[in-house]
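What you see is a predicted model, and the numbers here were worked out from it, not measured in a lab.
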Amino acid sequence: MSLENTLAESTIEHETYSSVPDGYRPGKAKFIVVTGSVMSGVGKGTFSGALATLLSCHGLKVSPVKFDGYLNYDAGTLNPYRHGEVFVLEDGTECDLDLGSYERALHANLTKDNYLTAGKIFKMIFDKERTGKYLGRDVQFIPHVTGEIKNFLRELAVKTNADIILVEVGGTVGDLENSYFVEAMRELRYEEGKENVMFINVTYIIEPDSLHEYKSKAAQIGLRQLMALGIQPDVMICRSQTPIPYSIKEKISIFGNVDLDRVYNLYNFSNVYGIPLILRDLGLDNEILSILNISPKGNGNTVLNFENWKGFVDKIKGRNRDIVVGIVGKYTNVHDSYLSIVKALEHSAPYFGVNVRIKWIEATDIEDGKITVEESLLNVDGVIVPGGFGKRGIEGKIAAIKYARERNVPYLGLCYGMQLAVVEFARNVCGLKTAHTTEVNPSTDCPVIDIIPEQKDKLKNSEMGGTMRLGGYPAKLKEGSLVRNLYNKDVVIERHRHRWELNPEFHKTLEENGMSLSGVYEERNLVEFIELPNHKFFIATQAHAEFTSRPLEPNPLFMGFVHVMVNNYVS
Ligand code: GLN
């Protein structure tokens with residue numbers, strides 16, 4: 001059946017529902033759908049990110065979509081303790097940390113159109129149903145839910161003008177939560193044809209301890225589940241601890257009806273930045289291009305191309321010493337809560353020939369007196385206080401900031417890390433003993449950090465989702481400041497996710513006592529960057545500068561921070 005016929009209409013007479021956005025041309029964008037089987041956590045996201053880099057280095061425009069099966073509308077209300085960091089896009093979308101991985105892989109800003117949750121699809125469907133858009137039909141999983149998913153992807157193709165839409169299906173094949181999404185992908189292939197839609201399945205080959213040999217049964221069962229859903233993979237990626245024997249590849253090939261040379265084994269994830277080059281050496285790029293019948297468009301763009309990527313990977317290999325960064329946070333036992341910070345440090349370190357080791361310091365341990373601040377920060381080369389919310393652990397963070405300020409230890413404060421640096425400075429330098437943020441002490445007589453009126457109203461109405469100051473805001477950087485020097489720009493855009501702000505009533509006092517308010521969002525007179533000119537490196541920002549860092553374009557604040565630590569080597 002041709003796409004035109006299938007896409008005809010969805011009315012009482014038709015069983016299909018595939019609306020097609022204006023300007024959509026079938027075959028212009030190709031779709032690569034990545035699914036995972038056997039179990040979660042096999043590296044589907046890491047593989048997909050590496051594939052995105054690889055195809056971009058060929059000059060192809062890749063636009064990714066991560067589908068998340070949870071019913072939350074977005075990730076804004078998710079607890080990082082359970083779910084890892086909430087990533088923020090420039091347009092203010094609060095999303096899963098995988099979108100951060102794709103931005104870093106692609107060196108490109110993504111938008112709300114790259115992020116799809118079950119909650120978002122169902123909200124859209126309920127809204128449409130209430131306004132009569134389904135023309136009297138009973139609204140069903142098939143064709144309506146699957147139809148809206150396909151429409152979302154086609155709209156993305158039109159909006160981005162991408163060569164490739166890379167769809168990562170969250171979860172594992174066989175899950176109830178992603179079943180209708182997998183079905184939508186089956187329909188997409190049926191409607192658009194094999195040359196335009198391909199499937200890659202990432203599976204895991206287990207090696208039980210007691211046997212010391214690889215077993216493919218779990219992978220075979222996963223394949224059966226996928227095929228029972230009507231999906232024939234074109235490529236199989238077999239993840240394993242060490243190289244798998246040829247016989248296992250053969251079994252996967254036979255059971256999955258996949259050519260043997262399209263069964264790949266990826267066993268080494270020790271340097272994730274090297275994976276795009278490993279995939280290229282395996283010839284996966286050529287195989288994909290031939291399946292989809294497309295050609296490379298030259299050697300990538302000016303930043304992301306094979307030469308630069310290889311240069312970065314070589315720098316990682318050439319590192320000869322470690323520096324230690326102490327991250328004083330609250331979710332330090334769930335390292336994914338601070339994933340983008342870890343990545344931003346990882347991006348900067350190779351440019352200075354070093355490796356960054358992170359010492360996770362639980363702020364509540366300092367606060368509760370389980371460990372002294374001196375003990376916890378002994379031998380760290382620099383200190384980061386990251387973003388955070390609420391009361392728990394903040395006196396521990398403030399103690400760490402005081403230590404860094406007084407001992408001239410490089411300090412980088414991010415969001416809450418800036419607000420608490422201001423509280424510390426106000427208390428201990430300006431002599432405002434009762435200084436606080438009203439987030440923790442609403443009745444303080446010295447609210448150096450306070451909530452702006454429009455945020456207060458939202459909180460009153462209990463509007464939690466999507467109501468903070470979110471996304472990119474411009475900051476004008478002060479002539480002669482360290483941040484101005486580091487960014488080498490007058491105005492920078494960094495991303496935000498917070499309700500409280502540095503209270504303008506205290507700007508003057510802080511400045512008179514030696515704090516430089518070195519970056520301001522002028523439209524609202526909100527401070528975005530602070531620094532201490534007499535310190536070796538003491539910078540903090542109201543934004544989450546970690547979100548804009550990329551391997552080939554590390555964030556300037558992190559570059560400056562790592563640079564000063566390297567020159568100031570103590571550990
Ligand atoms: N809790 C602070 C606020 O809401 C900081 C938020 C953050 O660090 N992301 O303003």
statement: Minimal heavy-atom distance between S40 and T172, with the atoms involved, is N-OG1, 3.6 Å
- prompt: Does the side chain of I32 reach to within under 4.5 Å of the side chain of V167, using non-hydrogen atoms?
  reply: no
- prompt: Looking only at side chains, do E168 and Y102 share a donor and an acceptor under 3.5 Å apart?
  reply: yes
- line: Here the pair of heavy atoms bringing N151 nearest to P21 is OD1-CD, 3.3 Å
- prompt: Quick one: are E103 and T548 in side-chain contact, heavy atoms under 4.5 Å?
  reply: no
- request: Please check if the side chain of T53 supplies one atom and the backbone of G49 the other of a donor-acceptor pair under 3.5 Å.
  value: yes
- prompt: Are E494 and E90 side-chain neighbours, meaning at least one heavy-atom pair lies under 4.5 Å?
  reply: no
query: Can you tell me if Y70 and D68 form a side-chain donor-acceptor pair at under 3.5 Å?
result: yes
- prompt: Between F152 and F67, is a ring-ring contact (aromatic ring centres under 6.0 Å, His included) present by the stated rule, with each step listed?
  reply: CA-CA 11 Å; F152 184 93; F67 172 73; 9.5 Å; no
task: Would you give the length of the straight line joining atom CD of Q232 to atom CG of N201, rounded to the nearest 0.5 angstrom?
output: 10.5 Å
task: Considering non-hydrogen atoms only, spot the tightest contact between L304 and A105 and give its length.
output: CD2-O, 3.5 Å
message: Counting only heavy atoms not in R224 (residues, nucleotides, ligands), do more than 12 fall under 6.0 Å from its CZ?
response: no
- prompt: Could you walk me through whether T242 and Y214 pass the side-chain hydrogen bond (donor to acceptor under 3.5 Å, both in side chains) check?
  reply: CA-CA 10 Å; T242 52; Y214 278 110; 2.7 Å; yes
field: Validation row: I384, L345 side chains within 4.5 angstrom (heavy atoms)
entry: yes
query: Distance from I278 atom CD1 to L266 atom CG, nearest 0.5 Å?
result: 6.5 Å
query: Hey, does the side chain of N308 reach the backbone of V303 with a donor-acceptor pair shorter than 3.5 angstrom?
result: yes
message: We want to know whether R104 and S340 form a side-chain donor-acceptor pair, criterion being a heavy-atom distance below 3.5 angstrom.
response: yes
Basic-acidic side-chain contact under 4.0 Å: E528, R469: yes
Flag side-chain contact, heavy atom, 4.5 Å: I142 against Y180: no
Side-chain touch T35/V202, heavy atoms, less than 4.5 angstrom: no
task: Identify the residue among V356, L412, V562 that makes a side-chain contact (heavy atoms from CB on, under 4.5 Å) with V325.
output: V356
task: Could you please spell out the steps behind the side-chain hydrogen bond (donor to acceptor under 3.5 Å, both in side chains) verdict for T117 and N72?
output: CA-CA 7 Å; T117 63; N72 303 63; over 6 Å; no
task: Please check if the side chain of R357 supplies one atom and the backbone of D322 the other of a donor-acceptor pair under 3.5 Å.
output: no
- prompt: Do NZ/NE/NH1/NH2 and the carboxylate oxygens of K343 and E346 come within less than 4.0 Å?
  reply: yes
query: Under 3.5 Å, is there a donor-acceptor pair linking the side chains of Q225 and S37?
result: no
query: Does a donor on one side chain sit under 3.5 Å from an acceptor on the other, for D91 and T93?
result: yes
- prompt: So D98 and K66, salt bridge (Lys or Arg N to Asp or Glu O under 4.0 Å) or not? Walk me through it.
  reply: CA-CA 7 Å; D98 291 308; K66 167 78 192 298; 2.6 Å; yes
message: Under the criterion side-chain hydrogen bond (donor to acceptor under 3.5 Å, both in side chains), I'd like the reasoning laid out for E85 against S337: C-alpha separation, chi angles, the key distance, then a yes or no.
response: CA-CA 4 Å; E85 140 190 301; S337 317; over 6 Å; no
message: Evaluate K123 against D74 for salt bridge (Lys or Arg N to Asp or Glu O under 4.0 Å), listing each step before the verdict.
response: CA-CA 11 Å; K123 181 165 187 318; D74 60 27; over 6 Å; no
query: Within a strict 4.5 Å, meaning less than it, do heavy atoms of the L226 and P233 side chains meet?
result: yes
message: Using a 6.0 Å cut-off, check whether atom CD of E177 has over 12 heavy atoms from anything other than its own residue.
response: no
- request: Decide yes or no for L289 and L60: does some side-chain heavy atom of the first lie under 4.5 Å from some side-chain heavy atom of the second?
  value: yes
query: Within 45° of the six-membered ring axis of Y267 and under 6.0 Å from that ring's centre, is NZ or CZ of R239 located there?
result: no
query: When you measure from the side chain of T541 to the backbone N and O of L414, does any donor-acceptor pair fall under 3.5 Å?
result: no
task: Could you pull out the closest heavy-atom pair between N178 and V173, with the gap in Å?
output: ND2-N, 4.5 Å
query: Would one find more than 12 heavy atoms of other residues, nucleotides or ligands at under 6.0 Å from atom CD of E207?
result: yes
Backbone N/O of L292 and side chain of K30: donor-acceptor pair under 3.5 Å: yes
query: From N293 CG over to I288 CD1, what is the distance, rounded to the nearest 0.5 angstrom?
result: 14.0 Å
- request: Could you check H544 against F87 for ring-ring contact (aromatic ring centres under 6.0 Å, His included), going step by step and ending with a plain yes or no?
  value: CA-CA 10 Å; H544 286 275; F87 193 82; 9.7 Å; no
- prompt: Is the backbone N or O of V88 less than 3.5 Å from a side-chain atom of R495, with the two atoms forming a donor-acceptor pair by type?
  reply: yes
Flag, side chain of K315 to backbone of F352, donor-acceptor distance under 3.5 Å: no
Carboxylate-amine/guanidinium contact R154 E192, below 4.0 Å: yes
field: I316 backbone acceptor or donor facing R319 side chain under 3.5 Å
entry: yes
message: Between D234 and M198 (side chain of the first, backbone of the second, donor and acceptor by atom type, cut-off under 3.5 Å), is there such a pair?
response: no
message: For K194, is the NZ atom crowded, meaning more than 12 foreign heavy atoms sit under 6.0 Å from it?
response: no
query: If you measure only the distance, is there a donor-acceptor pair under 3.5 Å linking the side chains of S63 and N114?
result: yes
statement: Between R262 and S290, the two heavy atoms sitting closest are NH2-OG, 4.1 Å
message: Tell me whether the count of non-hydrogen atoms from other residues, nucleotides or ligands lying under 6.0 Å of NZ in K251 goes above 12.
response: no
field: Stepwise ring-ring contact (aromatic ring centres under 6.0 Å, His included) test for H347 and F558
entry: CA-CA 9 Å; H347 300 161; F558 283 83; 8.8 Å; no
- prompt: Is a side-chain donor-acceptor pair under 3.5 Å present for T146 with E187?
  reply: yes
query: Where is the tightest heavy-atom contact between I493 and G472, given as atom of each residue plus distance?
result: CG2-CA, 3.7 Å
query: Would the number of heavy atoms belonging to other residues, nucleotides or ligands and lying under 6.0 Å from NZ of K489 be above 12?
result: no
message: Counting the benzene-type ring for Trp, do H58 and F306 have ring centres under 6.0 Å apart?
response: yes
- request: Taking atom NZ of K61 as the centre, report whether more than 12 heavy atoms of other residues, nucleotides or ligands fall under 6.0 Å from it.
  value: yes
- prompt: Y487 and F529: aromatic ring centres closer than 6.0 Å?
  reply: yes
- request: State whether the side chain of S549 and the backbone N or O of A545 hold a donor-acceptor pair below 3.5 Å, judged by distance alone.
  value: no
- prompt: Who are the side-chain contact (heavy atoms from CB on, under 4.5 Å) partners of V313, not counting sequence neighbours?
  reply: N271, Y273, L277, W309, K317
